[in-house]
Amino acid sequence: MAKTLFDKIWDKHLVKQIEGGPSVLYIDRHFIHEVTSPQAFKGIENRGLNVFRPHQVVATADHNVPTLNQHLPIRDELSRLQVQQLIENCARHGVELYGLGHPYQGIVHVIGPELGITQPGMTIVCGDSHTSTHGAFGSIAFGIGTSEVEMVFASQCLLQSKPKLMRINIDGTLNKGVVSKDIILYIIAKLTASGATGYFVEYAGSAIRALSMEARMTICNMSIEMGARGGMIAPDETTFAYLKGREFAPAGEAWEKKVTEWQSLYSDADARFDVEINIRAEDIQPMITYGTNPGLGMPVNGSVPVTESITDEGERKNMQKSLQYMGLEAGKPLLGMPVQHVFIGSCTNSRIEDLRQVAALVKGRKKNAQVQVMIVPGSQQVSRQVREEGLDTIFREAGFEIRQAGCSACLGMNEDKIPAGEYCISTSNRNFEGRQGAGARTLLASPLTAAAAAITGVVTDVREWLS
Amino acid sequence: MEKLNRIHSRFVPLTLENVDTDQIIPARFLKATTRDGFGKNLFRDWRYDNDDEQKPKAGFVLNEAQYSGEILVAGKNFGCGSSREHAAWAIKDYGFKVVVSSFFADIFKNNALNNGLLPVTVSEAFLQAVFALNANDTITVDLETQTITIDATGLQESFEINKYKKTCLLNGYDDIDYLLSIRTDIEQFEKQYA
Ligand code: SF4
């Protein structure tokens, strides 16, 4: 029978099927971090258990770590305690930890792929919704809650109901100034913030095939923002070339064997999806969000929708609340609106390719005096690359501040917060109320659009800069 | 886990849609290392002015004395956003046993079920009927028969829950108990899988 990519991986990891209930799914890789793991460690210890398969667990500290002076003790007491507990828990249970100060430390969804821990055909989980990022390698990767982290600790398995499957085909050639962040913001705006709930999404089509691994990760990363369990892309030569030679990727004969195996990971020609959506790459423009969920996005040169035209009362109320929070007027364009902050970072857009794009655009230019620009590389490795390639000089000359690796202003758990009422063009994935700090107003966009705004100080259509 | 079966209670109506987990429990409260005490920070930024417990915001439903009960009723796409289980803990810790909505985000639903908090999906019409009720009306949720009833009008709907999860909630079991019971199967699987 014809199988989808998802089916092939799922079936291979099926330990048992409970009658009238969920499936028992075997988990290959389990990433953990300081915020969603302490209660799970406590949970298994209360039951008198050890971590069942500690070598399949990898830990890092990313969510609440400071991005300045990481060599000093963490000032915030609760954050310090959380990080300290992670160190102790990992030591007690024999889990590998890439903590602060380790050359591999970074945002969990950046380090997994760059170290080659994330591989095609795997099942991958983490107590973090953006685990969907790892699906870019052709794996089943999804975010879980802390009770589920505890389940994986206890048994290396999870109870899961099989999701419905959606395929989104994007064919054609991207317009200039349009990058993968725009593709996913376009899709979410089309499907809404809940449009893919209950589904696992496979992204396919010639426009996807043409993307680099970094760009594919950006797309899979934001699958959760339309409610999907996860997103995935079939592995191909681009995937293999990215993985080859990475720290934990197979090598030598094992590599050849694995690649052969991975080459069978695709949806069969006549495989069935519950929903299929087709998108023309040419229709996508640089995107920006104006509301307080990632589905409220539009082309950067568009106008904020008029609320009266929304017939559904609940939706209208929501939109009005959203615009009020954002301090934006219905019917007005965003182009030319001043912003006070630019944040380039997060597991969506903090990889070396993102930073190279930003550097290429801002080289020889200076930031607008009214704007504060923060660049937070996704990992220590990315930081090192930035230095090796001399991008740091370009950023410093432009007046950008470069920080150390972590989640930073993506969720404002550490000191990196946007003040109330101020606007931030952010390359992260969520524009929820208060996400970047209480009262902060987030406009999600691509690294290119963010970089352009850093220079002009206002919302800018980056296409005007590219000839 | 506590057993759950029949809940008969007044309700708290939160008519907003797309309530995300950053609103349910803002990130700055995620630094705890235990599961307890999150209830006091539930909807923190909607509840208080300037994060000051002495200054409850008028008009936010948790601050309105006429509303109380073990059932939270919310607009569609409740619990979207992050996977933080702290959202479910906060709702449970505050004293709710059931959350009713016309649509739930996936991860939230799982997290709720794993913590003995019952998510009940109803039709949009039923949801609106609840929002139209008086504050002292009551609702009955019966897990055994999988029904939810507005007591004053008798309006009833049945809701879905998978058989396995239902058994777990009725008996107060959790998934870990089950997974531990099949460890030999898991080890067997690992042998042929490698
Ligand atoms: S960067 Fe943001 S979205 Fe990504 S893992 Fe960190 S907090 Fe979550």
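Letters go in sequence order (proteins before strands), and every chain restarts at 1.
Among the candidates A/Gly314, A/Pro294, A/Gly412, A/Ala420, the residue making the largest number of heavy-atom pairs closer than 4.5 Å to chain B is A/Gly314. Interface summary for chain B: among A/Glu34, A/Arg47, A/Arg229, the most heavy-atom pairs under 4.5 angstrom belong to A/Arg47. In terms of non-hydrogen atom pairs under 4.5 Å with chain B, the most contact-rich of A/Ser194, A/Gly227, A/Ala193, A/Gly439 is A/Ser194. Per-residue heavy-atom pair counts under 4.5 Å with chain A were compared for B/Ala32, B/Ala88, B/Gly81, and the maximum is reached by B/Gly81.
Ion pairing of A/Arg430 with B/Asp20 is absent here, as no side-chain N (NZ or NE/NH1/NH2) approaches a carboxylate O to less than 4.0 Å. A salt bridge does not link A/Asp76 to B/Arg28: none of the charged side-chain nitrogens sits closer than 4.0 Å to a carboxylate oxygen. Using a 4.0 Å cut-off between charged side-chain N and carboxylate O, A/Glu19 and B/Lys163 make no salt bridge.
Side-chain contact between B/Thr15 and A/Lys317 is present, with at least one heavy-atom pair separated by less than 4.5 Å. Two residues are said to be in side-chain contact when any heavy atoms from C-beta on lie closer than 4.5 Å; A/Leu159 and B/Leu179 meet this criterion. Using a 4.5 Å heavy-atom threshold, the side chains of B/Trp89 and A/Thr146 count as touching. B/Asn114 is listed as a side-chain neighbour of A/Met151, based on a closest heavy-atom distance under 4.5 Å. With contacts defined as side-chain heavy-atom distances shorter than 4.5 Å, the pair A/Asp312/B/Glu17 qualifies. With a 4.5 Å cut-off on side-chain heavy atoms, B/Glu187 and A/Gln156 do not count as touching. Contact check for A/Met413 versus B/Leu30: side-chain heavy atoms found under the 4.5 Å cut-off.
Considering all non-hydrogen atoms of both residues, B/Arg35 and A/Ser147 come closest at NH1-OG, 3.4 Å. Residues B/Arg183 and A/Phe52 approach most closely at CZ-CD1, 3.5 Å, considering heavy atoms. Nearest heavy-atom pair across B/Asn162 and A/Gly21 is OD1-CA, 4.2 Å.
Looking at B/Asp51, there are no atoms closer than 4.5 Å to chain A (heavy atoms on both sides), in backbone or side chain. Neither the backbone nor the side chain of B/Gln128 comes within contact range of chain A; no heavy atom of the residue lies under 4.5 Å from a heavy atom of that chain. Contacts between B/Gln23 and chain A at a heavy-atom distance below 4.5 Å involve the side chain alone, from C-beta outward. Contact of B/Asn110 with chain A is made through the side chain alone, with heavy-atom distances under 4.5 Å. Heavy-atom distances place the side chain of A/Ser161, and not its backbone, under 4.5 Å from chain B. Only the side chain of B/Phe189 comes within contact range of chain A, judged by heavy atoms closer than 4.5 Å. With a 4.5 Å cut-off on non-hydrogen atoms, B/Glu124 does not touch chain A at all. Residue contact with chain A, scored on non-hydrogen atoms closer than 4.5 Å, is absent for B/Phe29. At a 4.5 Å heavy-atom cutoff, the contact between B/Asp106 and chain A is made by backbone and side-chain atoms alike. When heavy atoms are compared at a cutoff of 4.5 Å, B/Phe108 does not approach chain A at all. Contacts between A/Val35 and chain B at a heavy-atom distance below 4.5 Å involve backbone atoms as well as side-chain atoms. When heavy atoms are compared at a cutoff of 4.5 Å, B/Lys109 does not approach chain A at all. Both the backbone and the side chain of B/Asp177 come within less than 4.5 Å of a heavy atom in chain A. Only the side chain of A/Lys321 comes within contact range of chain B, with at least one heavy atom under 4.5 Å from a heavy atom of that chain.
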Could you go through the side chain to side chain contact (heavy atoms under 4.5 Å, CB included) check for B/Ile107 and A/Phe142 one step at a time?
-> CA-CA 10 Å; B/Ile107 304 186; A/Phe142 54 92; over 6 Å; no

Using the side chain to side chain contact (heavy atoms under 4.5 Å, CB included) rule, take A/His63 and B/Lys31 through it: C-alpha gap first, then chi angles, then the decisive distance, then the call.
-> CA-CA 10 Å; A/His63 277 65; B/Lys31 293 178 184 175; over 6 Å; no

Walk me through it: do B/His86 and A/Thr36 pass the test side chain to side chain contact (heavy atoms under 4.5 Å, CB included)?
-> CA-CA 9 Å; B/His86 314 68; A/Thr36 56; 4.1 Å; yes

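Annotation: the span from A/Ile44 atom CD1 to B/Ile176 atom CD1 amounts to 8.5 Å, rounded to 0.5 Å. In this structure, the separation between CD on B/Glu85 and CD on A/Gln39 is 8.5 Å, given to the nearest 0.5 Å. To the nearest 0.5 Å, the span separating OG1 on A/Thr197 from CZ on B/Phe103 amounts to 4.0 Å. Rounding to the nearest 0.5 Å places CG of B/Asp185 at 11.5 Å from OG of A/Ser155. Distance check: B/Ser83 OG to A/Ile224 CD1 gives 8.0 Å after rounding to the nearest 0.5 Å.
B/Asp22 places no side-chain N or O within 3.5 Å of a backbone atom of A/Arg435 that could act as its donor or acceptor partner. Between the side chain of A/Lys42 and the main chain of B/Thr33, a donor-acceptor pair closer than 3.5 Å is present.
Contacts of residues 122-132 of chain A with chain B at a heavy-atom distance below 4.5 Å involve A/Gly127, A/Asp128, A/Ser129, listed in sequence order.
More than 12 non-hydrogen atoms from other residues, nucleotides or ligands lie less than 6.0 angstrom from CD of B/Glu53. Shown here is B/Tyr173, whose OH atom has no more than 12 heavy atoms of other residues, nucleotides or ligands within 6.0 Å. By the 6.0 Å contact criterion, NZ on B/Lys3 is open, its count of non-hydrogen atoms from other residues, nucleotides or ligands being 12 or less. Remark: A/Lys162 NZ is packed, more than 12 non-hydrogen atoms of other residues, nucleotides or ligands lying under 6.0 Å away. More than 12 non-hydrogen atoms from other residues, nucleotides or ligands lie less than 6.0 angstrom from CD of B/Gln66.
Side-chain contact of A/Glu433 with B/Trp46: a donor-acceptor pair under 3.5 Å is present, judged by distance alone.
Taking the six-membered ring where the residue is Trp, the centroids of B/Tyr193 and A/His13 are separated by under 6.0 Å.
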